[in-house]
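This report refers to the structure that appears directly beneath it.
Each chain gets a letter, A, B and so on, in the order the sequences are listed, and its residues count up from 1. Since the model is a prediction, treat every value here as computed from it, not as a measurement. Only heavy atoms go into these numbers, but all of them, side chains included; no hydrogens, no water, no symmetry mates.
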2 protein chains.
Amino acid sequence: MPRIPATQRRAALARAALAVASRDGLAAASTRAIVAEAGMPLASFHYAVASRDELLGDVVALVVAEERAAALAALVSHARDPREAIRLALLGYLDQVRADPGREQAMFELTQHALRTEGLDGLPREQYARYRETALDVLVAGARRLGFDWRVPPADLARLLVMVTDGLTLAWLADRDDAAAERAVDLAADALAGFVVARAGAEGRDDG
Amino acid sequence: MPRIPATQRRAALARAALAVASRDGLAAASTRAIVAEAGMPLASFHYAVASRDELLGDVVALVVAEERAAALAALVSHARDPREAIRLALLGYLDQVRADPGREQAMFELTQHALRTEGLDGLPREQYARYRETALDVLVAGARRLGFDWRVPPADLARLLVMVTDGLTLAWLADRDDAAAERAVDLAADALAGFVVARAGAEGRDDG
DNA sequence: ATCTGTCTGGGACGATCGTCCAACCTCACG
DNA sequence: CGTGAGGTTGGACGATCGTCCCAGACAGAT
């Protein structure tokens, strides 16, 4: 083991923890399993980080910092109408889940664990705020690219969109039914397209 | 401790396990914590059940057996139009979550744990199938009572509805934002109401 | 070359976990 | 009242957990 500054070790441990949690579950992400994944001796753990829970906080931050909206936004550009754009974006997200189910499941486990752990509660709030921020970006980017407006506040719509993706993920993790998931995506796209309104200069009025 | 048949002990342990998991999290639902909740000695545990994971399977079955749709279906009857019916049902569900957040969180933890545990995977499939069955009941009951039809297969809509309730729950658990949750319910009701079509004898065709 | 502070890591601590065994008690039956 | 079968349980087993102590190794300043 070469000499590595503590902050760098800390980041490596967070990545290793995410890898273990994705592959074997958060419960299996023990300090020993994490350092084994990172190829470090056990004692390096508490030299780089005060406690396991503190590292899990880093993991949440690590995930939240990632930018995963780019691929989805790109998909939107291939669509002709808003409904198809939403459908493609949701299918793209579904593909991400299917490509690495453990990863998405680890996210849920991480959220649940944080909610139950003193000092880590409060993290899910930021985590989901970031999710919605990402969703909002996709929503406004899609509207701009295809030239329409949302007839409700996009921020509220972002929350609904994250709800749908979370629900989509949980349902697919539970039964791995691809066909049913895609039907659900169709319906969700149908439903969300109902909030689309043709762009019209300064006509759009959105009162409560 | 009086003499109690093993099957009855097993049921009591499942209820105790659910209580502990709701209050302190699934990770805290150790064999010792469960028997303490049930007021039994530790050794009774493995007399009544072969392993902890087997008991958690019982807990899933216990939850799945509960009927929680009744209250929601009742709410629907107070509504005039479908959109309001959906909104009231979702708000009723949200109230259930708010009344016992730990309970709903324990459900998620249970699902995640089952998915990661050999021998317990397959349970989430049944669990979510039952959720959707319940949702389907609410959907058809609401449509009959208010006299409308769904323009898409209600079974597909049931999956979407469970997705929404799951997402609603996760989002609220993460930030406990009541106002935002209710705005999301409004939007969801708006979106789902788009699948309502006036009842029309034998006109409804559902191909695809 | 020596010193100082940072980094490395072997090994062990106490706590808690799931599981199990062997002894205990209770009751129906003769 | 004796007895055997079966429900009950105290106590302990090995495994694993998070955490930490402390000795050794190395880099840069003197």
**OP:** Measure from the side chain of B:Tyr47, starting at C-beta and using heavy atoms only, and say which of D:dT19, C:dT6, D:dT8 lies closest.
**Re:** D:dT8
**OP:** Respond yes when some side-chain nitrogen or oxygen of B:Ser44 is under 4.0 Å from OP1 or OP2 of D:dT8, and no when none is.
**Re:** no
Original post:
If you count the non-hydrogen atoms of other residues, nucleotides and ligands that lie under 6.0 Å from CZ in A:Arg144, is the total more than 12?
Top reply: no
Subject >> salt bridge (Lys or Arg N to Asp or Glu O under 4.0 Å) against B:Asp24, all qualifying residues, sequence neighbours excluded >> reply: none
Original post:
Rounded to the nearest Å, what distance is computed from the CG atom of residue A:Leu13 to the C1' atom of nucleotide C:dG9?
Top reply: 14 Å
**OP:** Whole angstrom is fine here: how far is it from CG in B:Asp53 over to C1' in C:dT19?
**Re:** 13 Å
**OP:** Map B:Ser51 and A:Ala43 onto DNA chain C by nearest heavy atom, then report which one ends up closer to the 5' terminus.
**Re:** A:Ala43
Original post:
Taking only side-chain nitrogens and oxygens of B:His46, does any of them come within less than 4.0 Å of OP1 or OP2 of C:dT19?
Top reply: yes
Original post:
Which residues, if any, of residues 17-35 of chain A bring a heavy atom under 4.0 Å of DNA chain C?
Top reply: A:Arg32
**OP:** Take atom CD of B:Glu54 and atom P of C:dC20, then tell me their distance rounded to the nearest Å.
**Re:** 11 Å
Original post:
For the pair made of CZ in B:Arg52 and P in C:dC20, what is the distance, rounded to whole Å?
Top reply: 15 Å
Subject >> Within-4.5 Å side-chain heavy-atom neighbours: A:Leu173 and A:Phe108 >> reply: yes
**OP:** Would you check if B:Tyr47 and B:Met40 make a side-chain contact, meaning some heavy-atom pair closer than 4.5 Å?
**Re:** no
Original post:
To the nearest Å, how far apart are B:Met40 CE and D:dT9 P?
Top reply: 9 Å
**OP:** Would you tell me if any nitrogen or oxygen in the side chain of B:Arg9 comes within less than 4.0 Å of OP1 or OP2 on D:dG7?
**Re:** no
Original post:
Any salt bridge (Lys or Arg N to Asp or Glu O under 4.0 Å) pairs touching residues 183-194 of chain A, not counting sequence neighbours?
Top reply: A:Arg83-A:Asp190, A:Arg87-A:Asp186, A:Arg183-B:Asp156, A:Asp190-B:Arg151
**OP:** Give a yes or no on whether a salt bridge exists between B:Asp121 and A:Arg176, defined as a side-chain N under 4.0 angstrom from a carboxylate O.
**Re:** no
**OP:** Identify whether any heavy atom of B:Phe45 sits under 4.0 Å from a base atom; if not, whether one sits that close to sugar-phosphate; answer base, sugar-phosphate or nothing.
**Re:** nothing
**OP:** Looking only at side-chain atoms of A:Leu42, point me to the closest of D:dT19, D:dT9, D:dC21.
**Re:** D:dT19
**OP:** Quick one: do B:Asp177 and A:Tyr128 satisfy side-chain hydrogen bond (donor to acceptor under 3.5 Å, both in side chains)? Show the steps, please.
**Re:** CA-CA 12 Å; B:Asp177 190 332; A:Tyr128 271 74; over 6 Å; no
